[in-house]
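Proteins get letters first, then strands, A, B, ... in listed order; numbering begins at 1 in each. Note that these values count all heavy atoms, side chains included, but never hydrogens, waters or copies made by symmetry.
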Amino acid sequence: MPELPEVEIAARNLRRWAKGRRVGEVEIDPRARRIFRPATPEAFAAGLAGHRVARVDRHGKQLLLTLDGPGGRLGLLSHLGMTGKWLRRGPGEEEPSHSRVRLRLDSGAVLHYRDPRLFGRLRLVPGARFDEVPELEALGPDPLRDGVDAAALAGELARSRRPIKVALLDQSLLAGVGNIYASEALFRARVDPRRPARDLSPAEVRRLAKALVEAMEESLARQEGPEIRYVEEPGAENPFLVYGKAGEPCPRCRRAAVVRAVQAQRSTFYCPRCQR
DNA sequence: ACCCGTGTTCGCTG
DNA sequence: TCAGCGAACACGGG
């Protein structure tokens, strides 16, 4: 399940697979209607077919493909939700399970959008830039592309009583931070996830900003490759410091066990001894 | 059977 | 007016 680093890998893969290619036939699983709401699968397929992929961009967890066609330029906005993934299959290769959308390319390959839980979204937008898509205006800066301005982040956090872990998931503060990297960054910055956001000192926010970027860059370096394997999938190791490590010794102090707590209906992992 | 899940949106409340 | 909260969405895996 994708957070910013996984979506960045998806963007790089799509660039390799689809940039410069023309989309031919578009096939959609009839069960996948909700992915296209409020539009219909029929309108999506008709609007996309015949266009050529000019570029692939990412902002936070949002992917934006820019395509050119006879009717002009259009954007394909893709959010992977919890279980979405773009895959490429060559001619004759077996298609993935839960393939919801198939885009036949003029390279002979087929792009599959796989999404078992149907929490992802695919939408055609008239604008072809992120700043022309109204729904994306609310997104905060992208930590990898824009960096994290600790002073600006501290200013935002100062207005919130929410626990810092919950505030970090707010996409209007920073775009792309999800449940894993919120826990990982707070551990690296030695900040207790339960503390009210407004109570963090400037030094703590600076540590947090640095920790977020480092956690994401390490993950990106680790995942570079032809096809992403999400961490919870069979055969994948858990590469994180505290996420999913409840009961195991803290990798820093070794003297306390990692604790799992629930905040805003999501799991949080932390070391009660290191994180203050 | 039951619980859990790397995300977002909507409606309610104070 | 709005921050904050909980339910809902939907399906597979342990």
Counting only side-chain nitrogens and oxygens, does [X] get under 4.0 Å of the OP1 or OP2 atom of [N]?
{"X": "Ser160(A)", "N": "dG4(C)", "answer": "yes"}
{"X": "His98(A)", "N": "dG12(C)", "answer": "yes"}
{"X": "Arg162(A)", "N": "dA3(C)", "answer": "no"}
{"X": "His79(A)", "N": "dG7(B)", "answer": "no"}
{"X": "Arg161(A)", "N": "dG4(C)", "answer": "no"}
{"X": "Arg266(A)", "N": "dT8(B)", "answer": "no"}

Would you call [X] and [Y] a salt bridge, using N to O less than 4.0 angstrom?
{"X": "Arg33(A)", "Y": "Glu42(A)", "result": "yes"}
{"X": "Arg162(A)", "Y": "Asp170(A)", "result": "yes"}
{"X": "Asp29(A)", "Y": "Arg102(A)", "result": "no"}
{"X": "Asp68(A)", "Y": "Arg73(A)", "result": "yes"}

(request) With the side chain of Pro116(A) defined as its heavy atoms from C-beta on, choose the nearest nucleotide among dG7(B), dG12(C), dA10(C). (result)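 Within the option list, the nearest is dG12(C).
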
(request) Indicate, with a heavy-atom threshold strictly under 4.0 Å, whether Arg31(A) touches base, sugar-phosphate, or nothing. (result) sugar-phosphate

(message) Under 4.0 Å, heavy atoms only, any strand: does Tyr181(A) hit a base, just the sugar-phosphate, or nothing?
(response) nothing

(request) Check whether the aromatic ring of Phe119(A) stacks on the base of dT8(B), taking stacking as ring centres less than 5.5 Å apart and planes within 30° of each other. (result) no

(message) Pick the closest DNA chain C nucleotide for Arg159(A) and for Ala264(A) by heavy atoms, then say which residue is nearer the 5' end.
(response) Arg159(A)

(request) For dA7(C) and dC3(B), measure between their P atoms and round to the nearest Å. (result) 14 Å

(request) Name the pairing partner of dC4(B), where a pair is Watson-Crick or G-U wobble with both distances under 3.5 Å, or state none. (result)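 Its partner is dG12(C).
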
(message) Rounded to whole Å, please give me the gap between CD in Gln265(A) and P in dC10(B).
(response) 16 Å

